[in-house]
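Here the structure is laid out as structure tokens; the discussion comes afterwards.
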Amino acid sequence: QVQLVESGGGLVQAGGSLRLSCAASGLTFSSYAMGWFRQVPGKEREFLGAIIRSGSSTLYADSVKGRATISRDNAKNTVYLQMNSLKPEDTAVYYCAADTLGLGSTSLQSYDYWGQGTQVTVSS
């Protein structure tokens, strides 16, 4: 079955950086656009960014634009989210997701598969 497994979360000080990874299995990874989202308890899941199948194009939410970089390695079936200049308000559970249509949509409903999430906590 399809599995998306995020890793790389943890506790970091404000101003620091993290690189999250999402390892995919059970699907033809290069056929999917991949997205990153985050969620804080009591709030809706928030789109952060996406990368198309080839990795040649990315899209970012305004909330992380300039601080986030999404990349992928199709040979390793892995997508990455590099976050810099972290702020306490970046504290959330971070999720990766796979989009069959390959468009890298901002909409949660466009994504077919989701990981279990990894906690990122930014201390002030």
Next item on the list: Please identify each residue that fulfils salt bridge (charged side-chain N to carboxylate O under 4.0 Å, His left out) with K65, with sequence neighbours left out.
Entry: D62
Note to self: Grouping I, L, V, M, F, W and Y whenever their side-chain heavy atoms are under 4.5 Å apart, do F29 and V2 come out in a common cluster?
What the structure shows: yes
Notebook entry, point to check: Just by modelled atom types, is the I70 backbone N or O under 3.5 Å from a matching donor or acceptor in the Y60 side chain?
Noted result: yes
Note to self: Run the side-chain contact (heavy atoms from CB on, under 4.5 Å) test against S30 and tell me which residues pass, sequence neighbours left out.
What the structure shows: T28, N74
Next item on the list: Give a yes or no on whether Y113 and V79 share a hydrophobic cluster (residues Ile, Leu, Val, Met, Phe, Trp, Tyr; joining criterion: side-chain heavy atoms under 4.5 Å apart).
Entry: yes
Item checked: Reported CD1-to-CG distance for the pair I52 and L59, which is rounded to 0.5 angstrom -> 11.0 Å
Note to self: Let me confirm one number: the OH-CG distance from Y80 to L20, rounded to the nearest 0.5 Å.
What the structure shows: 12.0 Å
Notebook entry, point to check: Applying the 4.5 Å side-chain criterion to the ILVMFWY set and letting contacts propagate, would L18 and V64 be lumped into a single cluster?
Noted result: yes
Item checked: Pairs flagged by side-chain hydrogen bond (donor to acceptor under 3.5 Å, both in side chains) wherever residues 9-27 is involved - sequence neighbours left out -> S17-N84
Next item on the list: Kindly write out the residues that satisfy ring pair (Phe, Tyr, Trp, His ring centres under 6.0 Å) with Y95, not counting sequence neighbours, or none if the list is empty.
Entry: none
Checklist line | Residue pair L108 / F37: nearest heavy atoms and the distance that separates them | finding: CD1-CE2, 3.6 Å
Notebook entry, point to check: Is the closest side-chain heavy-atom distance between S110 and L101 below 4.5 Å?
Noted result: no
Notebook entry, point to check: Which value, rounded to the nearest 0.5 Å, describes the distance between S71 atom OG and M34 atom CE?
Noted result: 12.0 Å
Check: Roughly how far apart are T106 OG1 and L48 CG, rounded to 0.5 Å?
Finding: 11.5 Å
Item checked: Between T100 and D112, a side-chain donor and acceptor under 3.5 Å -> yes
Next item on the list: Using the side-chain hydrogen bond (donor to acceptor under 3.5 Å, both in side chains) rule, collect all pairs that involve residues 31-42, keeping only residues at least two apart or in two chains.
Entry: R38-E46, R38-D90, R38-Y94, Q39-R45
Next item on the list: Give a yes or no answer on whether the side chain of R72 reaches the backbone of G55 with a donor-acceptor pair at less than 3.5 Å.
Entry: no
Margin query: Hydrophobic cluster membership, with links at side-chain heavy-atom distances under 4.5 Å among I/L/V/M/F/W/Y: are F47 and W114 in one?
Written below: yes
Check: What distance separates L81 CG from T69 OG1, expressed to the nearest 0.5 Å?
Finding: 8.0 Å
Margin query: Show me the pairs that pass disulfide (SG to SG under 2.5 Å) and involve residues 20-64, at least two apart or across chains.
Written below: C22-C96
Item checked: For the student: nearest non-hydrogen atoms of S105 and S107, plus distance -> OG-N, 2.9 Å
Item checked: T78 backbone acceptor or donor facing D73 side chain under 3.5 Å -> no
Item checked: Rounded distance (nearest 0.5 Å) linking atom CD of Q119 with atom OG1 of T91 -> 7.0 Å
